[in-house]
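See structure below.
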Number of protein chains: 2
Amino acid sequence: MPVRRRNWTGKPDRPVTSFISTYENKVDKKGRVSVPAAYRAALGSDIYQGVIAYPSLTGPAIEGFGRGALEELNRRRFDLSLDGGDFTQALVGRSDDGLVETIMSLASEMPFDGEGRIILPTRLAEHAGITDRATFVGRGTRFQIWSPKEHSKQQMAEVAALRAKLTGGDAP
Amino acid sequence: MPVRRRNWTGKPDRPVTSFISTYENKVDKKGRVSVPAAYRAALGSDIYQGVIAYPSLTGPAIEGFGRGALEELNRRRFDLSLDGGDFTQALVGRSDDGLVETIMSLASEMPFDGEGRIILPTRLAEHAGITDRATFVGRGTRFQIWSPKEHSKQQMAEVAALRAKLTGGDAP
DNA sequence: TGGGACATCATGGTATATCATGGGTATTTA
DNA sequence: TAAATACCCATGATATACCATGATGTCCCA
């Protein structure tokens, strides 16, 4: 029987694990950006291994999360194959996991400097259209990095859609 | 001899978990407001010392609840994806989860100071039209923060709607 | 039951720590 | 060796921790 594994963060007593709120920080001429302190706190011990990032497949943004979440995800993927008795899967991947495997290949590790900053890889910054400022967007279990301009457009669209859904009756 | 009297964090005699009643408090020039002691008691079982708040999507108000509820929500969200074997979900978000993800980005953590006050983030205060006074409205499992003026309008509307309903006519 | 002692609360102000940011220099990599 | 990165220290703004006080409410005892 598969065991439920909570605490994917690796540190059960950590008080905070969620990425919430939105912050806009400056990208200096060296390409450095401060990751919001609240996010660094949410990363906990993962902070020593930097953050994992990959280009969003649904828009001009960068997706980010801690190394611990990545490890947990891949371990669960492997476990699922073995538990199912399909050992071939464990070696060649599950057929419906193509997206995950693509993302793994696109992901980068961004280490922190002593002040909690990271350097955005050129490829990711270009994908998100980030130049001199970056908006960090908490999504709960992970976070995103947007260019402020693109993000404000995105956010307005999101809120408008939700508002319509909530106030526009039960009809979809 | 002055005794330290800052033990509002202590467990109440009988555990309280619901937010009820309405309180109006002052917002000082630094944007600080005392959270009603009764609400703090309701949060007392929450090991996280602070509240989470986000702008209501349906009106000029701030929604608030305990940090523990947020952590629980996100932990379940991540686990659900992994347990279901849908690892893509964990990386790019669930397609039907737009509401949660948007709220995460709009939410703020408001930690208590030593006196049980929070600082209303400018963005939230503006959304609710709060300037110098704030009305805390208990809604059971969560609470809301209104500007007193907006709240009295809201309350009158609520009461009027209920009255119309009770006096027979199915008001439009 | 009246009143006083004491605790709690909302509120105000000040000192200190943290954060985001900037720049210089050493160290690695191509 | 040139460019890119890692490491170190500095700084202003801002948020947080700390301390103080008057008012209100509660409890206990005469």
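Computed from heavy atoms alone, side chains included, the values below leave out hydrogens, waters and symmetry copies. Sequence lines set the chain letters: A, B, ... in the order given, protein chains first and strands last, and positions in each chain run from 1.
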### Query
Does the C:dG13 base have a donor-acceptor partner in the side chain of B:Lys29 within less than 3.5 Å?
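Under the 3.5 Å cut-off, the side chain and the base do not form any donor-acceptor pair.
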### Query
Has the side chain of B:Glu115 got a donor or acceptor atom sitting under 3.5 Å from an opposite partner on the base of D:dC19?
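A donor-acceptor contact between them is present.
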Output the rounded distance in Å from [atom1] ([X]) to [atom2] ([N]).
X        : N      : atom1 : atom2 : result
B:Ile118 : D:dA17 : CD1   : C1'   : 17 Å
A:Asp113 : C:dT21 : CG    : C1'   : 11 Å
A:Asn25  : D:dA13 : CG    : P     : 17 Å
B:Phe112 : C:dA10 : CZ    : P     : 11 Å
B:Arg32  : D:dA15 : CZ    : P     : 12 Å
A:Ile119 : C:dA20 : CD1   : C1'   : 16 Å

### Query
Which nucleotide sits closest to the side chain of B:Pro111: D:dC9, C:dA20, D:dT16?
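The nucleotide sitting nearest to the side chain is D:dT16.
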### Query
Which of these nucleotides, C:dA20, D:dC18, D:dC7, is closest to any side-chain atom of B:Arg117?
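The closest nucleotide is D:dC18.
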### Query
Within the side chain of A:Asp46, is there an N or O that forms a donor-acceptor pair under 3.5 Å with the backbone of A:Gly68?
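Present.
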### Message
For B:Ala107, is there any backbone N or O sitting under 3.5 Å from a side-chain donor or acceptor partner on A:Ser21?
### Response
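Side chain of A:Ser21 to backbone of B:Ala107, a donor-acceptor pair under 3.5 Å: yes, one is there.
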### Query
Is it the case that one hydrophobic cluster holds both A:Leu124 and A:Val27, taking links as side-chain heavy atoms less than 4.5 Å apart, direct or via other members?
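Yes.
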### Task
Would you mind listing every salt bridge (Lys or Arg N to Asp or Glu O under 4.0 Å) that reaches into residues 126-142 of chain B, with sequence neighbours excluded?
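For residues 126-142 of chain B, and leaving out neighbouring residues, the salt bridge (Lys or Arg N to Asp or Glu O under 4.0 Å) pairs sorted by first residue read B:Glu24-B:Arg133, B:Glu63-B:Arg142, B:Arg139-B:Glu158.
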### Task
Inspect the contact between A:Arg75 and A:Glu71 and indicate whether a charged nitrogen and a carboxylate oxygen are less than 4.0 angstrom apart.
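No, this pair does not count.
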### Query
Between A:Tyr23 and A:Lys30, who's closer to the 5' end of DNA chain C by nearest nucleotide?
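Between the two, 5'-proximity favours A:Tyr23.
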### Message
Contact list please: residues 124-139 of chain B against DNA chain C, heavy atoms, distance less than 4.0 Å, in numerical order.
### Response
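Residues of residues 124-139 of chain B that come under 4.0 Å of DNA chain C do not exist, since none gets that close.
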### Query
For the residue pair B:Tyr39 and B:Phe19, is the inter-centroid distance of their aromatic rings smaller than 6.0 Å?
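Distance test on ring centres: under 6.0 Å, yes.
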### Query
Relative to each other, are the rings of A:Phe143 and A:Phe136 parallel, tilted or perpendicular (30° and 60° limits)?
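It falls in the tilted class, 30° to 60°.
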### Message
Base, sugar-phosphate or nothing for A:Asp28? Non-hydrogen atoms, less than 4.0 Å.
### Response
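Touches sugar-phosphate only.
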### Task
Answer with base, sugar-phosphate or nothing: what part of the nucleic acid does B:Val35 contact at a heavy-atom distance below 4.0 Å?
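Counting heavy atoms under 4.0 Å across all strands, the contact made by B:Val35 is with sugar-phosphate only.
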### Distance test, side-chain N/O of B:Arg40 to OP1/OP2 of C:dA10, below 4.0 Å
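B:Arg40 to C:dA10 OP1/OP2: side-chain N or O found under 4.0 Å.
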